[in-house]
S.K.: 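What follows is a structure written as structure tokens; I'll ask about it next.
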Amino acid sequence: ILRQVEELRTIAGEFATYAGVPALERSPGDLVPVVREIVAAYDQAPEDSSRVELTTPASLVLRFDAGLLGRALRNLVENGLRAAGEGGRVRVEVRRCGEGCEVAVRDSGPGIAPELLSRAFEPSFSTAAGGTGPGLPVARRLVAGLGGPTVARNPETGGLQGVLPALGPGAGGGTCG
């Protein structure tokens, strides 16, 4: 019962976040340590569980909202870990895009059926057994003001990839590619 109560509390918190996103507060800083800190929290997992891998440039200084970006990234990583399952992999990659960057999170799970992919950001949509669906929509809402769309796609090699929008000066929309 306690586990179910905690799960309901988490779900309620995610929907509350979806309903009321705080104002965007960009400040200059290096994005790489922020992303590394978030990914490092998943390094404590037992050896046989899902793993989170990280690829970043050495440094990437730009203007961004560390709190909102961090919450969105955690949502994508958590979503990826659930999809990847036991022993699966989640890869977080920070890529330069002109004067800014994007953050891509890719899991080794089954992906989403192509005919359902357009629904990935609907608040109650989930392909997971028992899933409630707010992870991807909350991530999208959290970073909505950062400069471009949050996208989900099925890479040819499998899994699902969620991409947070281009960040930084002149981040006028879109993703790196």
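Worth saying up front: this structure is predicted, and the values here are computed from it rather than measured.
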S.K.: If you look at every heavy atom in Val94 and Pro57, which pair is closest and at what distance?
M.R.: O-CD, 3.4 Å

S.K.: CD of Glu78 to OH of Tyr42: how many Å apart, nearest 0.5 Å?
M.R.: 3.5 Å

S.K.: Does Asp107 reach the main-chain N or O of Ala84 with its side chain, forming a donor-acceptor pair under 3.5 Å?
M.R.: no

S.K.: Using the test side chain to side chain contact (heavy atoms under 4.5 Å, CB included), find all partners of Ala152 that sit at least two apart in sequence or belong to another chain.
M.R.: Leu117, Ala120, Phe121, Leu160

S.K.: Restricting to non-hydrogen atoms, name the atom on Cys101 and the atom on Leu62 that form the minimum distance, rounded to 0.1 Å.
M.R.: SG-CD2, 4.0 Å

S.K.: What are the two closest heavy atoms between Ala104 and Arg95, and how far apart are they?
M.R.: CB-NH2, 3.5 Å

S.K.: Among Leu54, Val105, Val52, Thr55, find the residue that satisfies the side-chain contact (heavy atoms from CB on, under 4.5 Å) test when tested with Arg91.
M.R.: Thr55

S.K.: Do Arg63 and Pro28 come close enough that some side-chain heavy atom pair is under 4.5 Å?
M.R.: yes

S.K.: If you look only at distance, which donor and acceptor atoms sit under 3.5 Å apart when one is on a side chain in residues 29-41 and the other is two or more places apart or in another chain?
M.R.:
residue : atom : partner : partner atom : Å
Asp30   : OD1  : Val32   : N            : 3.1
Asp30   : OD1  : Leu60   : N            : 2.9
Asp30   : OD2  : Ser59   : OG           : 2.8
Arg36   : NH2  : Thr56   : OG1          : 3.4

S.K.: Atom CG in Leu68, atom CZ in Arg26: separation rounded to 0.5 Å?
M.R.: 10.5 Å

S.K.: Kindly compute the distance separating CZ (Arg51) from CZ (Arg89), expressed to the nearest 0.5 Å.
M.R.: 7.0 Å

S.K.: To the nearest 0.5 angstrom, please state how far the CD atom of Glu102 sits from the CD atom of Glu93.
M.R.: 8.0 Å

